[in-house]
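This one's a predicted model, so the numbers in the text were calculated from it and none came from an experiment. Proteins get letters first, then strands, A, B, ... in listed order; numbering begins at 1 in each.
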2 protein chains.
Amino acid sequence: MVTIYDIANKLKLSTATVSRALNGHDDVKTSTKNRILETAKEMGYLPNSMARSLTTKKSWNIGLLFSDDQNSGFKHIFFANVINEIIDSAAKRGYDVSIISGNIGMRKTSYLEHARYRMLDGIIIATIDTRQEDVQNLIKSDLPVALIDQNFSESICVNSKNIKGIKSLVNHLYDKGYRKITYITGQLDNYVSKDRKKAFLDITKSLNISNLCSTVEGVFTDSKLAYELTKDIMSKENRPEAIMYPDDTAAIGGLKYLLENGYSIPNDVAICGYDGVEISQLVTPRLTTIKQDIHKLGSSVTYLLIDEIEGKKPSRKTWVDVELLVGETT
Amino acid sequence: MVTIYDIANKLKLSTATVSRALNGHDDVKTSTKNRILETAKEMGYLPNSMARSLTTKKSWNIGLLFSDDQNSGFKHIFFANVINEIIDSAAKRGYDVSIISGNIGMRKTSYLEHARYRMLDGIIIATIDTRQEDVQNLIKSDLPVALIDQNFSESICVNSKNIKGIKSLVNHLYDKGYRKITYITGQLDNYVSKDRKKAFLDITKSLNISNLCSTVEGVFTDSKLAYELTKDIMSKENRPEAIMYPDDTAAIGGLKYLLENGYSIPNDVAICGYDGVEISQLVTPRLTTIKQDIHKLGSSVTYLLIDEIEGKKPSRKTWVDVELLVGETT
DNA sequence: CTGTTAGCGCGTTCAG
DNA sequence: CTGAACGCGCTAACAG
């Protein structure tokens, strides 16, 4: 391993000068700077992040928290896409991304401890369940933290325009003549679900159809549950004319039930997804859904976090726009 | 930040003793060991990975290489699932996972340099395109490396039983009476695609139907291309009775074309996917496909790499079994 | 513009 | 069983 000592030695300089040159300080004579840079290249010198971080207290490493024991972010294609953006964006600003788990070595520890252990410069939280004490502690800590689709007053939060999304869907359904709408929400212990549900109640009220509409609690990405709930809903006396699902995967689960049982879509019943992932436009019939701006969600949360890390005091709240995708199911 | 120095100071011991106790060496008196462990806990001591790695030359960190500029692993739901397993498995053995990109800070570097910079203990390569010089250098280096679905003689490779998978599909089609089969392969610059294509040619030959069968080069997860290729294939004079796709996503793209154009499946034409991801069983009709053992693929590649890191000389080649999933499309 | 010195937090000789 | 001393590779004062 080539160190700055080696190249200092070769050039009869001190490590200090070498370090300065390598870090682009301007208090080094241009000629010696060039000599240093050159021989560094020749000798195949590479900095050692451990040594550097140890003195600078900065790791150029961002932690990514995306799953708990129950729920695995990567299995959800929507989150997988967001995570992809996060990694890309971080790389563009010179940061690496590490996944943080709830243990150091073989020992169970908190996320916060883990973050300190690895000297992470900041954390992106892309988990659904932020109620865990462990996650709460992370948020409350003095570590820079940024979250997606959450609501914590002091932290950086990047939110999709959930209210707009739901209202667009309901308005679209209304315009198409649907009045009896059932909305299967995500799990209601969750901020986004609550927000969307409230939006649904608000918009149906202002359209004067709230007495015809209803909500049922479901679970994000749980296609099996969506299948069962659809069965329940459709076997009732008073069937809805349209069903809204918590996301595309759930909608496809519902769609499966409807197709299997000979329902004509959207004639017998209309359905909507949410997220607008690729598959939503690939199934037949193509889903009407809300397309989230995955690129923007991922890049914003990352850039804002890095701004915070670098002391640029970015805005705490950001809303990312959504778009109605009209398919063949409404 | 509490350091071993702080706790040594408080207990009137030397840092050496504290270090030994903390690392579970047995050359410390049990009573003092306990005192140390206790006060360490009290004071909220946490080791510093940077300092530790600097002396031990071990980071307890595994690099994950899963994308190049063209192709993003996380966008592929199959890989997303594998990666999920990798992270879980690594955590169980006490390792963290870092994503490695092709730059350090703002400077473009090789993956190998990046790995050395971060002192990674090993690398898991889950990219399709291993032809890049950069990736080649990584494989040739003395860093422990493990790959999924690749074939490098000296490296640890975990492969899915691709030949068995293809043969199962063709045999299944044959048993159902299909003789004219077209196989849309993945991109043929890739090891897996070649392997599967060869398996297809072999099995159709031994079934004496090779003159009725054909292959077309496609691209993994490219549903749009699959859509177009399906159109081409179906518009020819001599239509196949069955089409096999490189993976489920592509198959769903093909399915879309067929459904849109009024083909009855499997009566007019049968289709098969590959991978067996969740969505393959959710679309209507349910895909006949090969289910890969994602859990095993991810955990094996991780455990084998860690064995290698820890000097346990694990076997270089591992094959993970696959399972035929008969759906409604054949 | 450059060198000397010190220290980041930890593990590991080598004595005792 | 315990301590003193050193070094991992690098950056940051402080001189000069």
Inset, instruction - Among the candidates C/dC10, C/dG9, C/dT2, find the nucleotide nearest to the side-chain atoms of B/I4. - result: C/dC10

Inset, instruction - Give the rounded distance in Å between these two atoms: CG of B/L54 and P of D/dC8. - result: 9 Å

Inset, instruction - Indicate whether OP1 or OP2 belonging to C/dT2 is found under 4.0 Å from a side-chain N or O atom of A/T17. - result: no

Inset, instruction - Would you please confirm or rule out a distance under 4.0 Å between OP1 or OP2 of C/dT2 and any side-chain N or O of A/T32? - result: yes

Inset, instruction - Answer yes or no on whether A/K58 is positioned over the face of A/W60, meaning its NZ or CZ is under 6.0 Å from the six-membered ring centre and within 45° of the axis. - result: yes

Legend entry - Position toward the 5' end of DNA chain C (nearest nucleotide), B/H25 or B/M50: B/M50

Legend entry - Protein-nucleotide distance (B/L13, atom CG; D/dT2, atom P), rounded to Å: 7 Å

Legend entry - B/D27 vs B/M119, nearer the 5' end of DNA chain D by closest nucleotide: B/D27

Legend entry - Side-chain N or O of B/K57 closer than 4.0 Å to phosphate OP1/OP2 of D/dG9: yes

Inset, instruction - Answer with base, sugar-phosphate or nothing: what part of the nucleic acid does B/S19 contact at a heavy-atom distance below 4.0 Å? - result: base

Legend entry - Pair A/S14, A/T17: side-chain N/O donor-acceptor within cut-off below 3.5 Å: yes

Legend entry - d(CG, B/L11; P, D/dT2) in whole Å: 11 Å

Inset, instruction - May I ask you to say whether A/K140 pairs ionically with A/E154, meaning some side-chain N is under 4.0 Å from a carboxylate O? - result: no

Legend entry - SB check A/R118 A/E113 (cutoff 4.0 Å): no

Inset, instruction - Assign B/K12 to base, sugar-phosphate, or nothing according to its heavy-atom contacts below 4.0 angstrom with the strands shown. - result: sugar-phosphate

Legend entry - Donor + acceptor pair across side chains of A/D96, B/H114 (<3.5 Å): yes

Inset, instruction - Output yes when at least one side-chain N/O atom of B/R52 is less than 4.0 Å from OP1 or OP2 of C/dG11, else no. - result: yes

Legend entry - Nearest-nucleotide pick for A/T3, side chain only, options being D/dC1, D/dG3, D/dG9: D/dG9

Inset, instruction - For A/L46 and D/dG9, give me the distance from atom CG to atom P, rounded to whole Å. - result: 13 Å

Legend entry - Euclidean distance, atom CG of residue A/N9 to atom C1' of C/dT4 [Å, nearest integer]: 16 Å

Legend entry - Note, A/I123 side chain near A/L138 side chain (heavy atom, < 4.5 Å): yes

Inset, instruction - Report the residue (A/V28 or B/N48) whose heavy-atom-nearest nucleotide on DNA chain C is the more 5′ of the two. - result: A/V28

Inset, instruction - Considering just the side-chain nitrogens and oxygens of B/Y45, establish if one lies under 4.0 Å of OP1 or OP2 belonging to C/dC10. - result: yes

Inset, instruction - Could you tell me whether A/S53 contacts a base, only the sugar-phosphate backbone, or nothing, with contacts defined as non-hydrogen atoms closer than 4.0 Å? - result: nothing

Inset, instruction - Round to a whole Å and report the spacing from OH of B/Y5 to C1' of C/dC8. - result: 14 Å

Inset, instruction - Just call it for B/T55: base, sugar-phosphate, or nothing, with non-hydrogen atoms closer than 4.0 Å on any strand. - result: base

Inset, instruction - Could you check how far CZ of A/R20 sits from C1' of D/dT11, rounded to whole Å? - result: 10 Å

Legend entry - Length of the line joining B/D6:CG and C/dC10:P, which is rounded to integer Å: 9 Å

